[in-house]
Amino acid sequence: MSAGSDILLQVEGLEAGYAEIKALLGIDIELRRGQIVTLLGANGAGKTTTLKTISGLVRATRGTIRLMGEDITGTPAHQIARMGLVHVPEGRHILRGLTVQENLELGAFAERSAETRRRQMDEVFDLFPILKERRKQDGSLLSGGEQQMLAMGRALMQKPKVLLLDEPSMGLAPKLVTETMKIVKRLNEAGTSILLVEQNARVALRLADYGYVLETGRIRMENTAEKLREDSSIIEAYLGE
Amino acid sequence: MTTFDILAQQLVNGLVLGSFYALVALGYTMIFGVIKLLNFAHGDVYMIGGFVGFAVLSLVGGLVGTGWGGIALSMFVSMIAVGFLGVVIERIAYHPMLAAPRLSILITALAVSLVLQNSVLALTGGEFTAFRTNLGFGGIALGGVFITYNQMVLVGMAAILMLALETFVTRTQYGRAMRAVSIDKDMCRLMGIDVTKIIAVTFLIGSALAAAAGTMAGAYYGSIWYFMGFLIGLKAFTAAVIGGIGSIPGAMAGGLILGLLEAFGTQIPFIGSEWKDVFSFSILILVLVFKPTGLFGKSEVERM
């Protein structure tokens, strides 16, 4: 592949599953530098499993995952995170009982220098001033929108090169969905490449450069976001809207 | 002695007992936190701590004396040695069972308990071993209450250890990670935390605290034997449940509360001190029935 250096994340023939059930039956995805790529599909299509397999939480039974050219298939999740691929899971997973500040501090767990951690936290506070106000509060007691900011802020503490976002708009009021998507856009403009899973296809396609439509563990269709956007039949047929 | 003096004296006794319970309960609760295991071998780790402390004191006692200085040194060595024993136990016995059903690992913990007890039984022949020290019986009298220096040093050392632990879990990245691992392991992995390593660190610290208590108890009571961990293991479990299992401040509070309740319980008319275990375990049952999450325990509610 001639443009190999441009491909940050390359997934080929990925298969994975839980116990007896095969959730992924051969997935091919590419994420290039500076792109937002979205994975669309109905519930149970395998979007979340795809992200979990890429970040190492679920073991791939077949296929390869390359991050910046390096094969990371089978690498433990915490090492993948340290390589710059950061996954913000569905449901945000704020650590209950830990303050906002502690949640952020732990985001940069691998960073040894407290000084660097503080600097990174200041950057996150610049992006999400509300987190600074709430830094002493239990992170799990924030509102849904604030928790989403905390989840993203925590991911940014790791200085990600590739960000996997799983349903960042889930459970948020429409106004907050727009707000969240603006933030995704801004992170992307700041140089982070993003693989975005969204239930809300219209919102995702407005943001993305490229999209894949998943159906029962396979890629059913892929194209530029522009093309997918134009073809409203796709949205109706595969996304159940 | 007035009734007030008797109660005040029991307060002192309860604090001493509670310090032991709290130190052992901390390991119980921390280990439960990170791998959801009721480590029934934890009392035996305390017992091993007593024996290692005894062995070290026998070796170095001639040089540094067998007063509190020598005991503190032996305790420190015992904490390190037994801390690593805890890590080895986790590696060999528990780690391979983490993916197995919860009951399997619980049975494994019972097996580890038997292995530790029987190893010491084989070495000592089941006899009590005299833990010879050079501790005096001095103290100070406050009104009608007599507090020995030994009691003060012991409660003081326990307090220092607990403060150190509190600082560790709130101020260091590893400490925060330990709390985080007890909440959400997968999220920890995504944050770059090596969960396996954090579990090992938890066993290291929990076992070291039990070893500290074991050495101090040996020195304080003057003898050790292979079965000394059994009852305190159950008591520490009770203390951890009172405080809310998984909660570190809960284990400290639960230990002290149980110690005090037991001490005061001996003063209830017609209930002599021989009934104190019945008293403790009745409390365990009451807590389990009426407030199973304990004083500091959180109910498992997930927010979307």
Margin query: With a 4.5 angstrom heavy-atom cut-off, is it the side chain or the backbone of A/Ala155 that approaches chain B, or both, or neither?
Written below: neither
Item checked: Considering all heavy atoms, the nearest A/Ala81-B/Gly192 contact -> CB-N, 3.7 Å
Note to self: Is A/Leu106 in contact with chain B via its backbone, its side chain, both, or neither, using a 4.5 Å heavy-atom distance?
What the structure shows: both
Next item on the list: Would you indicate whether the side-chain heavy atoms of B/Ile183 and A/Leu98 approach each other to under 4.5 Å?
Entry: yes
Item checked: Exceeds 12 heavy-atom contacts within 6.0 angstrom, atom CZ of B/Phe168 -> yes
Item checked: Heavy atoms of other groups near B/Phe84 CZ, more than 12 under 6.0 Å -> no
Check: Got more than 12 heavy atoms from elsewhere within 6.0 Å of NZ, A/Lys52?
Finding: no
Next item on the list: For B/Arg189 and A/His78, indicate whether the former's side chain and the latter's backbone hold a donor-acceptor pair under 3.5 Å.
Entry: no
Notebook entry, point to check: Which is it for A/Arg112 and B/Gln173 under the side chain to side chain contact (heavy atoms under 4.5 Å, CB included) test, yes or no, and what are the steps along the way?
Noted result: CA-CA 9 Å; A/Arg112 286 290 156 90; B/Gln173 281 287 77; over 6 Å; no
Notebook entry, point to check: Considering only heavy atoms from C-beta outward, does the side chain of A/Leu57 approach that of B/Leu190 to under 4.5 Å?
Noted result: yes
Next item on the list: Check each atom of A/Gln158 against the heavy atoms of chain B and say whether the ones under 4.5 Å are side chain, backbone, both or neither.
Entry: side chain
Notebook entry, point to check: Rounded to the nearest 0.5 Å, how far does CZ of A/Arg96 lie from CG of B/Asp184?
Noted result: 9.0 Å
Item checked: salt bridge (charged side-chain N to carboxylate O under 4.0 Å, His left out) partner of A/Glu105, the single match among B/Arg179, B/Arg176, B/Arg171 -> B/Arg176
Notebook entry, point to check: Got more than 12 heavy atoms from elsewhere within 6.0 Å of NZ, B/Lys291?
Noted result: yes
Note to self: Exactly one of A/Arg154, A/Arg92, A/His87 should register a side chain to side chain contact (heavy atoms under 4.5 Å, CB included) with B/Met187. Which one does?
What the structure shows: A/Arg154
